[in-house]
2 protein chains.
Amino acid sequence: MAKSCSCLQRQCILCETLSTAQDECTEQQFCEIEGSISKDVYRANEWLFQQGMPARDLFILKYGHVKLSSSLPDGRCHGLRLAGPWSVLGIEALGMESYPFSAVALTDVQVCTFRHRDMLAALENNPKTSLKLVTMLNAELRRSMEQLRNIGVLHASERVAWFLLSTAVDNTCPPVSRSDMAEILGLTMETVSRVLSRLRQCGLVDAPSNRRSVRILDPERLEALCGDTRQAQLPLNCA
Amino acid sequence: MAKSCSCLQRQCILCETLSTAQDECTEQQFCEIEGSISKDVYRANEWLFQQGMPARDLFILKYGHVKLSSSLPDGRCHGLRLAGPWSVLGIEALGMESYPFSAVALTDVQVCTFRHRDMLAALENNPKTSLKLVTMLNAELRRSMEQLRNIGVLHASERVAWFLLSTAVDNTCPPVSRSDMAEILGLTMETVSRVLSRLRQCGLVDAPSNRRSVRILDPERLEALCGDTRQAQLPLNCA
DNA sequence: CGCTCCCTTGATACATTTCAAGCGTTGTGG
DNA sequence: CCACAACGCTTGAAATGTATCAAGGGAGCG
């Protein structure tokens, strides 16, 4: 029997963990780990998990996009970030009672699901996995702090520009609605719409109003918009 | 020779790590770890480290308060959070080239300094330490996400109320200036000052204008201010 | 066709920022 | 010991960016 995860993807922390685990686990331990991975599918708008739910699993996103968001007791809600393929979700709850935020599928989504308790066991048995995990959490933390700073200091158009640039792959953004973007950027849907309209008029992006799709046409001018205040504060005269 | 860190504090991750390490390291390994801890002092307004500096150390704050902040290329700056005694600083840079943010002492400060490379070695040798670290990073991540949400959705007075409540120990806040608070909350100094003046008028806090000191007089009414919007949006009629 | 959903756009309201002046304390040097 | 500057804070008036409210358009779908 081949000792490996059936996907064997380089980008997947689980697959990599398993491949290093081969050297360090007994055959039995390894099979236990591999056996506890399940592959699941969620439809668009389904919840992977909700804030406050008992935390049991972590997810490796293999296909599709997910939105993470956190809400206040009074119902107000704020998007934390978008997650794309090969993101690890729900690991922030490892060792805790409940998920501190919610995750909803924006598109149809395919994931590997893994129990927290199995992850904890893998950590005990495999120091290399710990290191990988620590590195991952650190990266997450940096991203989160960068976002904190950006929400704190950037203007509306700078935030939109930054969002587009930071989420786009090949100048194409994930399929988010205006309200999703607004929620993540701490703005209203209307403001996001206005900014996108202006960016469209200036030829910086292609953002059809009917479809959830934004394409970046001029990455360089867009970058100028979110880096330097003086340019960014005058987004109307984009001449 | 006694095998323990000389402080032996329950709250200190380093001390705890060392005490568990006793069971798992050889005497030589243990002494290497212990020997690599240095105890340092920084004066108020000194930098512990700056954004972009090569990342070498992590710090356990033993006495005093530190402000973490991140800046944009154009100079705009945003406070990330305050750190008090027993915080671990600079661990977000573990395994990375440079510090992703800066840390400046608000008061005179006493720290234990520990090399990243020694921490990494400790992780390899001691799975329990990894778990502790992962738990810590997760807690940090949750805090950071909570803050992200709060900056995103809360109004000025709600943010101030939340800041006071979340940083106060025994209803007494760390010695931060109005501008420090403003920087962390994504507001201006003037706005913070106005909110504090109103809170003072309403008898919720004691905030003398000459000293960097805020004391919470009525925690319950203050909590009502940051939990529920409808109350929070009318902070002027605090009757 | 009529419904819903998402988006756009305009007018207005409002919270916060910006700009500006002044106050009290602290520390320094004549 | 007193002037003086520096610093942090407060407060007011005006400016401004974004939210809110409102109306309407277009695509998709039963």
Side-chain angles (χ1 to χ4, degrees), chain A residues 44-45 67 76-78 106-107 150-161 163 173 175-201 205-214 225 229-237, chain B residues 44-45 67 76-78 106-107 150-161 163 173-202 205-214 225 229-237:
Chain A
N45 299 319
K67 183 180 72 175
R76 280 178 290 179
C77 180
H78 188 249
L106 291 177
T107 60
N150 287 345
I151 300 291
V153 305
L154 295 188
H155 292 255
S157 41
E158 298 175 290
R159 294 188 208 179
V160 173
F163 178 87
C173 299
V176 283
S177 69
R178 305 287 188 263
S179 2
D180 289 329
M181 285 183 57
E183 215 172 69
I184 291 173
L185 296 176
L187 300 169
T188 58
M189 199 196 62
E190 291 93 331
T191 301
V192 170
S193 175
R194 279 184 246 269
V195 170
L196 280 176
S197 295
R198 288 207 307 260
L199 293 178
R200 191 184 343 170
Q201 281 164 25
V205 303
D206 177 27
S209 51
N210 45 349
R211 248 172 315 154
R212 292 180 165 200
S213 97
V214 179
L225 267 187
T229 327
R230 282 156 302 178
Q231 295 177 44
Q233 281 181 337
L234 303 164
L236 282 166
N237 352 324
Chain B
N45 300 317
K67 183 180 70 173
R76 280 178 291 179
C77 181
H78 187 248
L106 291 177
T107 59
N150 288 344
I151 300 291
V153 304
L154 296 186
H155 292 254
S157 40
E158 298 176 291
R159 293 189 209 177
V160 172
F163 178 87
C173 299
V176 283
S177 69
R178 304 289 188 262
S179 4
D180 289 328
M181 286 184 55
E183 216 172 68
I184 291 173
L185 297 176
L187 300 169
T188 57
M189 197 196 64
E190 291 92 333
T191 301
V192 171
S193 176
R194 279 184 247 268
V195 170
L196 280 177
S197 296
R198 289 207 306 262
L199 293 179
R200 191 183 341 170
Q201 281 162 26
C202 301
V205 303
D206 176 28
S209 51
N210 45 350
R211 249 172 312 154
R212 292 181 164 198
S213 97
V214 179
L225 267 186
T229 327
R230 281 157 304 178
Q231 296 178 44
Q233 281 180 339
L234 304 164
L236 282 166
N237 351 326

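Below, chains carry the letters A, B, ... as their sequence lines are ordered, and counting in each starts from 1.
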Ordered by number, residues from residues 180-187 of chain A within less than 4.0 Å of DNA chain C (heavy atoms) are none
Can you pull out how bent the helix from dC1(C)-dG30(D) to dG30(C)-dC1(D) is, comparing the axes over its first five and last five pairs, to 10°? 20°
Looking at [X] and [Y], what are the two nearest heavy atoms and their distance?
X         : Y         : result
His78(B)  : Val153(A) : CB-CG1, 3.6 Å
Arg212(B) : Leu106(B) : NH1-O, 4.2 Å
Glu158(A) : Leu225(A) : CG-O, 3.3 Å
Val205(A) : Val214(A) : CB-CG1, 4.3 Å
Ser213(B) : Pro208(B) : O-CD, 3.2 Å

SG-CG distance between Cys173(A) and Asp206(A), expressed to the nearest 0.5 angstrom: 11.0 Å
Cut-off 3.5 Å, no hydrogens considered: what does the side-chain donor-acceptor table look like for residues 186-196 of chain B, sequence neighbours left out?
from: Thr188(B); atom 1: OG1; to: Thr191(B); atom 2: N; distance (Å): 3.3
from: Thr188(B); atom 1: OG1; to: Thr191(B); atom 2: OG1; distance (Å): 3.0

Rounded to whole Å, how long is the line connecting atom [atom1] of [X] with atom [atom2] of [N]?
X         : N       : atom1 : atom2 : answer
His155(A) : dT16(C) : NE2   : P     : 16 Å
Leu199(B) : dT11(D) : CG    : P     : 12 Å
Arg198(B) : dC9(D)  : CZ    : C1'   : 16 Å
Leu154(B) : dA19(D) : CG    : P     : 14 Å
His78(A)  : dA19(D) : NE2   : P     : 11 Å

Would a 4.5 Å heavy-atom cut-off, applied to side chains only, mark Lys67(B) and Val176(B) as touching? no
Note, Arg159(B) side chain near Ile184(B) side chain (heavy atom, < 4.5 Å): no
Taking side chain to side chain donor-acceptor pair (under 3.5 Å) as the definition, give me every residue that meets it alongside Asn150(B), ordered by chain and number, with sequence neighbours left out. none
Detail all sub-3.5 Å separations between protein N/O atoms and N/O atoms belonging to nucleotides 5-11 of chain C.
from: dC7(C); atom 1: OP1; to: Arg178(A); atom 2: N; distance (Å): 3.2
from: dC7(C); atom 1: OP2; to: Arg178(A); atom 2: N; distance (Å): 3.2
from: dT8(C); atom 1: OP1; to: Arg178(A); atom 2: NH2; distance (Å): 3.2
from: dT8(C); atom 1: OP1; to: Arg200(A); atom 2: NH2; distance (Å): 2.8
from: dT8(C); atom 1: OP2; to: Arg178(A); atom 2: NE; distance (Å): 2.8
from: dT8(C); atom 1: OP2; to: Ser193(A); atom 2: OG; distance (Å): 2.7
from: dT8(C); atom 1: O5'; to: Ser193(A); atom 2: OG; distance (Å): 3.3
from: dT9(C); atom 1: OP2; to: Ser197(A); atom 2: OG; distance (Å): 2.7
from: dG10(C); atom 1: N7; to: Arg194(A); atom 2: NH1; distance (Å): 2.9
from: dG10(C); atom 1: O6; to: Arg194(A); atom 2: NH2; distance (Å): 3.3

